Amino acid sequence: MGLWEKIETIARTIYGAAEVTAPANVRNQIAKFEADGFGHYPVCMAKTQYSFSTDPNAKGAPSGHSIPVREVRLSSGAEFLVAVCGDMMTMPGLPRVPAANSIRLNQAGEVEGLF
Amino acid sequence: MSDQGEVRSDIEIARAARTLPIGENGARIDIPSEHLLPYGHDKAKIGFDYLDSLADRPDGKLILVTAITPTPAGEGKTTTSVGLGDGLNRIGKRTAVCLREPSLGPCFGMKGGAAGGGYSQVVPMESINLHFTGDLHAIGAAHNLLSAMVDNHIHWGNALGIDARRPTWGRVVDMNDRALRSVSIALGGVGNGFPRQSGFDITVASEVMAIFCLAEGLADLERRLGNIGIGQTRERKARYARELEADGAMTVLLKDALMPNLVQTLENNPAFIHGGPFANIAHGCNSVMATRAGLKLADYAVTEAGFGADLGAEKFFDIKCRKAGLRPDAAVVVATVRALKMHGGVAIGDLGSENVDAVRAGLVNLGRHLDNIARFGVPAVVAINRFTSDTDAELVPVREYCEEPTGRTEAQAPRSSHERWRKWRTAARPTSAPCIRMTWDCGRRSRPSPGPFTARRK
């Protein structure tokens, strides 16, 4: 099974999607990875965790949606292809009031505020 | 709640725990003390020679804990894993839990620590959540060594012809720091290299973390590190870490970290906590080294995979299990009334109010996850991670749904629940019992189907 077929299989059977879309450069990139001998890699989907679709607000069990693949990245050490669907956060930020504000050592030298 | 009383915070419960010295903890699963490398009094790494010596032992049963599509607070997979592990031990089944190693970033941000909750925690909680045995630091150092070597190579003439205009291997730090997402590097003059744009990821998003968690041993780790792509030439030819001769030094930085960490639950049962890659850019499961140790040393290994089952379980089956040749015997799907209400259309701010109809409407999400797990041929149990704000009426539709004799999944998802906080000790048993029944009933039939998902292990 080719890399694109693997992406489609996961999107259709697991996410309930009707189709997977990708711009031509992504399709070309996949073809190049296959030509370079990486076609046997599994696919690692990078999708929002908050929905079966790529819209984090689509709750429940949405179906018939479209999964857009924005980018593909080869993790040639880990040996998988990452298919990036939507925004992907690889460096989180802190909230307005981070937990760090209430983490401290108490009089007994114990850590307070971790939870 | 029947047994009223002050609900203590996770850290207070953890601090009051009576932990076994690490030698006694290891002895519970028959690890000879000479093969434990103690990190303080209650943490240890387990030696490679000893792990290798276990190769011929039969594997125990493998239970994956996953979840429905989560709320931002998470649904309690780690808490459920620890509760299930303790419950199995209580009914006489020798069980180890194999969990992900927390990152510092979320600890100081919003999500808090990642060592379970209530009476289902792993200890020493503060240490596990902070520097632990230094694995995250080692992974960050190995990653950043390669970054420095890439830039140094370009500075000294760039014999590999790495195209500095295209993205190259960036840097990582184990902190939530949005200011580093996009940075300019090598500013300040000729002696500092070629100025260009680059960026930082959090350490758990590093490919080194993903490699660390899939590596079968030091030799495999080194091979994989050498295969990391560091950039491209102007002709779009990929360049690899091995061409910079970085793989050896990176492996040296990781040689101790790759040994699995042994700690314990609040009930003094063994817990392997090792590696924790992101579940989007990577596969979101603890190390193969730790899971394999759990399977060799216990009759049951309970492990978890990040995010909901659409991502976590799918990657666990399709990536981790296939690569490592593991065969899961059962899956536990963690559901909360809060998340079900969210899927039934309730806004995040209103999840605290009773709404039975919304719970019922939200069950479609649970159903989709159960169907998906059934496609892999793995039987599933539903575990309700009950919160004090849940009402009895809200639990009724969940129980009814799980008890429907529709054969909706191969396993029919027997009802089970455990309550977080005070009462979990007795309530964890209902989850344990169907797990036992399914792992034994299904035995080895429950390996993931070989297709159609992804290529099999080479």
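The structure displayed is predicted, hence computed values, not measured ones. Residue numbers start from 1 in every chain, and the chains themselves are labelled A, B, ... in the order their sequence lines are given, proteins ahead of strands.
The distance between the ring centers of B/His343 and A/Phe52 does not fall below 6.0 angstrom.
Both the backbone and the side chain of B/Ala282 come within contact range of chain A, each with at least one heavy atom under 4.5 Å from a heavy atom of that chain. For a residue to count as touching a neighbouring chain, one of its non-hydrogen atoms must lie under 4.5 Å from one of that chain's; by this rule B/Val208 does not touch chain A. B/Thr203 does not touch chain A: none of its heavy atoms, backbone or side chain, sits under 4.5 Å away. For A/Val82, the part lying near chain B is the side chain, with the backbone staying farther off; criterion is any non-hydrogen pair under 4.5 Å. Within the 4.5 angstrom heavy-atom criterion, no atom of B/Phe212 approaches chain A. Contacts between B/Leu130 and chain A at a heavy-atom distance below 4.5 Å involve the side chain alone, from C-beta outward. Looking at A/Leu94, both its backbone and its side chain come within 4.5 Å of chain B, counting heavy atoms on both sides. The contact between B/Phe200 and chain A is made by backbone and side chain atoms together, counting heavy-atom distances below 4.5 Å. B/Leu225 does not touch chain A: none of its heavy atoms, backbone or side chain, sits under 4.5 Å away. For B/Arg236, the parts lying near chain A are the backbone and the side chain together; criterion is any non-hydrogen pair under 4.5 Å.
Distance CZ/B/Arg375 to OG1/A/Thr9: 11.0 Å, rounded to 0.5 Å. Atom OG1 of A/Thr13 is separated from atom CG of B/Asn372 by 7.0 Å, given to the nearest 0.5 angstrom. Distance CD1/B/Ile348 to NZ/A/Lys59: 6.0 Å, rounded to 0.5 Å. Taking NZ of B/Lys315 as the start and CD1 of A/Ile14 as the end, the distance is 12.0 Å to the nearest 0.5 Å. Note that OG1 of A/Thr48 and CG of B/Leu311 are 8.0 Å apart. Values are rounded to the nearest 0.5 Å. The distance from atom CZ of A/Phe80 to atom CD of B/Glu207, rounded to the nearest 0.5 Å, is 7.0 Å.
By the 4.0 Å N-to-carboxylate-O rule, B/Arg223 lies close enough to A/Glu79 to be salt-bridged with it. Using a 4.0 Å cut-off between charged nitrogen and carboxylate oxygen, A/Lys6 and B/Asp318 do not count as a salt-bridge pair.
The side-chain heavy atoms of A/Ile10 and B/Glu314, taken from C-beta on, include a pair separated by under 4.5 Å. A 4.5 Å side-chain heavy-atom check between B/Arg368 and A/Ser63 finds at least one atom pair inside the cut-off.
In this structure, B/Thr69 contributes its side chain and A/Ser51 its backbone to no donor-acceptor pair below 3.5 Å. A donor-acceptor pair under 3.5 Å links the side-chain atoms of B/Asn365 to the main chain of A/Gly60, judged by distance alone. The backbone N or O of A/Val111 lies less than 3.5 Å from a partner atom in the side chain of B/Arg15, making a donor-acceptor pair.
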Between B/Ile281 and A/Cys44, does the side-chain contact (heavy atoms from CB on, under 4.5 Å) criterion hold? Intermediate values first, please. CA-CA 7 Å; B/Ile281 196 170; A/Cys44 180; over 6 Å; no
Let me see the working for A/Lys47 and B/Asp310 under side-chain contact (heavy atoms from CB on, under 4.5 Å), right down to the final yes or no. CA-CA 10 Å; A/Lys47 180 184 73 67; B/Asp310 53 333; 3.0 Å; yes
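Among all heavy-atom pairs drawn from B/Gly229 and A/Ser76, the shortest one is N-OG, 3.3 Å. Here the closest heavy-atom approach between residue B/Ala205 and residue A/Thr90 is recorded as CB-O, 3.8 Å. The two residues A/Tyr50 and B/Pro72 come nearest to each other via the heavy atoms OH-CA, 3.5 Å. Taking all atoms of both residues into account, the shortest heavy-atom contact from A/Ala99 to B/Cys107 is CB-O, 3.6 Å.
Ranked by heavy-atom pairs under 4.5 Å with chain B, the first of A/Ala83, A/Gly93, A/Pro56 is A/Gly93. Of the listed residues (B/Val172, B/Ile211, B/Ile68), the greatest number of heavy-atom pairs within a distance under 4.5 Å of chain A belongs to B/Ile211.
Within residues 174-182 of chain B, the residues approaching chain A closer than 4.5 Å by heavy atoms are, in numerical order, B/Met175, B/Asn176, B/Asp177, B/Arg178, B/Arg181.
Stacking of B/Lys323 on the aromatic ring of A/Tyr41 is recorded, both the 6.0 Å distance cut-off and the 45° axial limit being met.
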